**Q** 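Handing you this structure, nothing more for now.
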Amino acid sequence: MVSLRIYCDQFDFSHLEKTFRGEFEADVSLSAEIIFTDEEGIRKLNAEFRNKDSVTDVLSFPSLDGIRGVKIKKADFPYDIGDDKRLFIGSVVICTKRAEEQAQEYGHSYDRELNYLAVHGLCHLLGYDHEAEEDKREMREKEERILGKMGITR
């Protein structure tokens, strides 16, 4: 069975791995990493990679191009298969301080905010974006569907 494995040493995202089943088509299992950082860490990454010298909540660093909405084929990415026999799709970096602040601001739990930011970041790794209005709508629908499977609604 094709699956998504999330590597994170600070939070258990195994429930999210199960929730992403059926959200992508592939002939190889995937992997991604989620890293937590502080405000200074994410500010530096945002400045270096996006030329925005400011704190943000989540950054995504996809390792593959052209995988949005298409079957992900092992043969197309033979050099991206890890020792775990999974195709690495990238990294998500979450600022814990911003997640705490946003949880308070939106009136929900820190756990819910972390899950939302993880889902958002993983959708980016799968090629989804929210720059154009149509793309934003498609990405938001995917996020809401995944969160709904987890029992997390707005």
Side-chain angles (χ1 to χ4, degrees), residues 1-8 11-37 39 42-43 45-74 76-77 80 86-154:
M1 177 195 289
V2 173
S3 64
L4 170 66
R5 171 72 173 105
I6 299 170
Y7 296 98
C8 180
F11 194 78
D12 180 12
F13 284 111
S14 58
H15 61 286
L16 197 53
E17 294 172 352
K18 295 173 190 153
T19 307
F20 262 84
R21 288 186 188 140
E23 295 299 330
F24 60 89
E25 189 178 357
D27 66 3
V28 60
S29 290
L30 308 179
S31 69
E33 69 177 345
I34 297 178
I35 301 164
F36 293 102
T37 190
E39 290 174 299
I42 206 144
R43 186 197 63 74
L45 290 170
N46 206 16
E48 181 178 348
F49 292 99
R50 297 180 67 225
N51 294 319
K52 295 184 178 184
D53 192 10
S54 61
V55 174
T56 190
D57 53 0
V58 62
L59 292 172
S60 299
F61 297 93
S63 62
L64 306 177
D65 290 323
I67 64 171
R68 174 183 172 176
V70 299
K71 184 172 184 176
I72 303 166
K73 298 177 185 173
K74 181 178 182 177
D76 292 339
F77 305 99
D80 296 295
R86 294 174 178 273
L87 179 61
F88 183 68
I89 61 171
S91 303
V92 175
V93 181
I94 296 173
C95 176
T96 54
K97 177 77 168 153
R98 286 296 298 136
E100 289 171 2
E101 292 169 353
Q102 288 173 178
Q104 280 190 328
E105 179 182 337
Y106 301 133
H108 55 243
S109 71
Y110 177 63
D111 185 65
R112 188 242 185 256
E113 188 65 17
L114 285 182
N115 278 289
Y116 168 74
L117 294 173
V119 167
H120 182 83
L122 290 166
C123 285
H124 277 305
L125 298 187
L126 289 169
Y128 293 86
D129 208 335
H130 46 82
E131 296 302 314
E133 195 58 40
E134 184 177 326
D135 295 338
K136 180 179 181 178
R137 187 172 38 258
E138 183 181 12
M139 184 171 174
R140 294 292 181 252
E141 287 173 6
K142 187 170 207 57
E143 290 170 346
E144 293 297 328
R145 184 175 54 251
I146 293 166
L147 291 167
K149 286 191 219 177
M150 296 167 58
I152 298 174
T153 57
R154 289 183 191 240

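It should be emphasised that the depicted structure is a prediction, and the values quoted were computed from it without experimental measurement. By convention here, the first residue in the shown sequence is residue 1.
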**Q** Using every non-hydrogen atom in the two residues, find where Met139 and Cys123 come nearest and quote the distance to one decimal.
**A** CE-CB, 3.9 Å
**Q** As an exercise, state the distance from CZ of Phe11 to CD1 of Ile35, rounded to the nearest 0.5 Å.
**A** 16.0 Å
**Q** At their closest point, which heavy atom of Ser91 faces which heavy atom of Leu125, and how far apart are they?
**A** O-CD2, 3.7 Å
**Q** What heavy-atom pair brings Asp65 and Phe77 nearest, and what distance separates the two atoms?
**A** O-CZ, 4.0 Å
**Q** Do the non-hydrogen side-chain atoms of Asp57 and His120 ever get within less than 4.5 Å of each other?
**A** no
**Q** Of all residues at least two apart in sequence or in a different chain, which pass the salt bridge (Lys or Arg N to Asp or Glu O under 4.0 Å) check with Glu33?
**A** none
**Q** Heavy-atom count check: over 12 atoms from other residues, nucleotides or ligands less than 6.0 Å from Gln104 CD?
**A** no
**Q** Sort out for me which residue in His124, Arg140, Glu143 forms a side chain to side chain donor-acceptor pair (under 3.5 Å) with His130.
**A** His124
**Q** Given side-chain contact (heavy atoms from CB on, under 4.5 Å), test Arg68 with Asp135 step by step and report yes or no.
**A** CA-CA 11 Å; Arg68 174 183 172 176; Asp135 295 338; 3.1 Å; yes
**Q** So which of Ile42, Thr56, Thr37, Leu117 actually passes side-chain contact (heavy atoms from CB on, under 4.5 Å) with Ile94?
**A** Leu117
**Q** With a 6.0 Å cut-off (strictly less than), is the heavy-atom count around CD of Glu134, excluding the residue itself, greater than 12?
**A** no
**Q** So, using side chain to side chain contact (heavy atoms under 4.5 Å, CB included) as the criterion, who are the partners of Glu101 when residues are at least two apart?
**A** Glu39, Lys97, Arg98
**Q** For Ser3 and Ser29, indicate whether the former's side chain and the latter's backbone hold a donor-acceptor pair under 3.5 Å.
**A** no
**Q** For Glu23, check salt bridge (Lys or Arg N to Asp or Glu O under 4.0 Å) against everything at least two apart and list the hits.
**A** Lys142, Arg145, Lys149
**Q** Could you tell me whether the side chain of Ile152 reaches within less than 4.5 Å of the side chain of His108, counting heavy atoms only?
**A** no
**Q** So, for Gly127 and Ile67, which heavy atoms are closest and what is the spacing to 0.1 Å?
**A** N-CG1, 4.4 Å
**Q** To the nearest 0.5 Å, how far apart are OH in Tyr110 and CD in Gln102?
**A** 11.0 Å
**Q** Just jot down the side chain to side chain contact (heavy atoms under 4.5 Å, CB included) partners of Glu133, sequence neighbours excluded, or say none.
**A** Lys136, Arg137
**Q** Check Ile89 against Ala32 and note the closest heavy-atom contact, atom names and distance.
**A** CG1-CB, 3.9 Å
**Q** Sequence neighbours left out, what passes side-chain hydrogen bond (donor to acceptor under 3.5 Å, both in side chains) with Asp27? Give chain and number order.
**A** none
**Q** For Asp12, give me all partners under salt bridge (Lys or Arg N to Asp or Glu O under 4.0 Å), at least two apart in sequence or on another chain.
**A** none
**Q** Under the side-chain contact (heavy atoms from CB on, under 4.5 Å) rule, what do Leu122 and Ile6 come out as? Steps first, then yes or no, please.
**A** CA-CA 10 Å; Leu122 290 166; Ile6 299 170; 3.7 Å; yes
**Q** Does the Asn46 side chain pair with the main chain of Ser54, one donor and one acceptor, at a distance under 3.5 Å?
**A** yes
**Q** How long is the gap from CD on Glu141 to CD on Glu144, to the nearest 0.5 Å?
**A** 9.5 Å
**Q** Taking the side chain as everything from C-beta on, heavy atoms only, tell me whether Phe24 gets closer than 4.5 Å to Leu30.
**A** yes
**Q** Quick check against the 3.5 Å criterion: does Ser63 have a side-chain atom that pairs as donor or acceptor with the backbone of Phe88?
**A** yes
**Q** Please say which of Leu4, Leu114, Val119 ends up in a side-chain contact (heavy atoms from CB on, under 4.5 Å) with Leu16.
**A** Val119
**Q** Please report the C-alpha distance between Tyr116 and Leu147 in whole Å, then the side-chain angles of each, then the deciding distance to 0.1 Å, and finally whether the side-chain contact (heavy atoms from CB on, under 4.5 Å) criterion is met.
**A** CA-CA 7 Å; Tyr116 168 74; Leu147 291 167; 3.6 Å; yes
